[in-house]
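Input: a single structure, listed below in structure tokens.
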Amino acid sequence: MQFNEVHILFEQSGTFKKVFVDKGYTVREYDIENTPAVDISCDIFEHIDRRFEEINGTIFDNIPKGSLVLAFFPCTYFSDQSQLISRGDSAGQKHWNLYSKLATSSDQMKARTMYYQKLCRLCIIALQMQYNLVIENPLGKCGFLKQYFPIKERVVIKDRTKLGDYFKKPTQFFFVNCRPTFNLEKESEWNEFQHKVVEQVHGFDRSRISPEFAKNFVELFLEE
């Protein structure tokens with residue numbers, strides 16, 4: 001995969017940004033939250049809708065053809081937990097009545113539809129603007145995206161600690177306008193970390209990615 005510019009969506013921590021900067025790429029990071037690593041803080045979902053409707057003045061106006069866009073798309077409504085809540089089967093709903101379960105299921109499905117629409121629109125924008133889009137999302141047993149998303153996952157990492165991450169939890173990556181490079185000779189350079197237990201970590205740290213994982217992923221799947 002060849003690209004000069006990198007644009008990162010929804011990552012916040014700047015972990016992948018630092019890897020690309022160290023390799024000499026021009027990098028810009030966007031997020032809803034205004035953290036020190038973020039170059040442009042904005043409602044990315046609103047920008048997706050506006051660009052899809054061909055309204056100028058969005059972050060996508062500044063992404064040249066052939067760039068790499070790496071999107072850590074929020075997974076809340078695609079997760080196994082979301083599907084359990086929709087069915088009324090989560091642990092916290094054990095004593096709920098049917099009325100409460102149905103009302104919550106309706107809200108969950110409405111929100112999931114909205115976010116799924118934005119995911120599809122992000123991919124359509126990439127097709128229209130001809131940049132390389134890579135989308136990360138956790139891999140669950142129920143597999144909402146596996147069942148309904150027209151784009152098939154190109155890379156599945158079932159144990160992220162094998163690439164030096166903090167957590168073992170599985171991850172999938174979707175590629176639009178490009179393919180993973182699979183530089184398998186890089187595998188010998190990996191250092192496996194002692195993984196942390198997800199349930200013992202809270203807040204943003206649960207989704208934080210280690211610098212080692214970011215570097216290994218870029219060199220294995222994104223660089224020629």
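FYI, side chains are in, hydrogens and waters are out, and symmetry mates aren't considered; it's all heavy atoms of this structure. Given the structure is predicted, the values throughout are model-derived calculations rather than measurements.
Taking 4.5 Å as the limit, every side-chain heavy atom of Val6 sits out of range of all side-chain heavy atoms of Phe16. Residues Ile209 and Glu136 form no side-chain contact, since every pair of their non-hydrogen atoms from C-beta on lies 4.5 Å or further apart. In this structure the side chain of Phe20 reaches within 4.5 angstrom of the side chain of Leu222, judged on heavy atoms.
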| request: Given side chain to side chain contact (heavy atoms under 4.5 Å, CB included), test Ile63 with Glu5 step by step and report yes or no. | output: CA-CA 8 Å; Ile63 300 179; Glu5 290 192 12; over 6 Å; no
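Separation of atoms CG (Asn132) and NE2 (His7) is listed at 11.0 Å; rounding is to 0.5 Å. Here the CG-NZ distance, from Asp159 to Lys169, works out to 12.5 Å after rounding to the nearest 0.5 Å. We find the SG-CZ distance between Cys75 and Phe10 to be 11.5 Å, quoted to the nearest 0.5 Å.
Annotation for Pro74 and Asn137: closest pair O-ND2, 4.1 Å, computed over non-hydrogen atoms.
Each salt bridge (Lys or Arg N to Asp or Glu O under 4.0 Å) pair with one or both residues in residues 90-119, not counting sequence neighbours, appears once here: Asp49-Lys118.
Put simply, Ile32 and Val38 are part of two different groups of oily side chains (I, L, V, M, F, W, Y) that touch within less than 4.5 Å, one to the next.
Ring-plane geometry between Tyr116 and Phe149 is classed as perpendicular, the angle between the planes exceeding 60 degrees on a 0 to 90 degree scale with a lower cut at 30. Using a 30° and 60° split on the angle between ring planes, Phe173 and Phe213 fall in the parallel class, below 30°.
Partner of Tyr115 under the ring pair (Phe, Tyr, Trp, His ring centres under 6.0 Å) criterion, chosen from Phe78, Phe144, Tyr77: Tyr77.
The backbone N or O of Leu220 sits less than 3.5 Å from a side-chain atom of Thr181, completing a donor-acceptor pair. Distance alone, capped at 3.5 Å, is enough to place a donor-acceptor pair between the Ser67 side chain and the Pro64 backbone.
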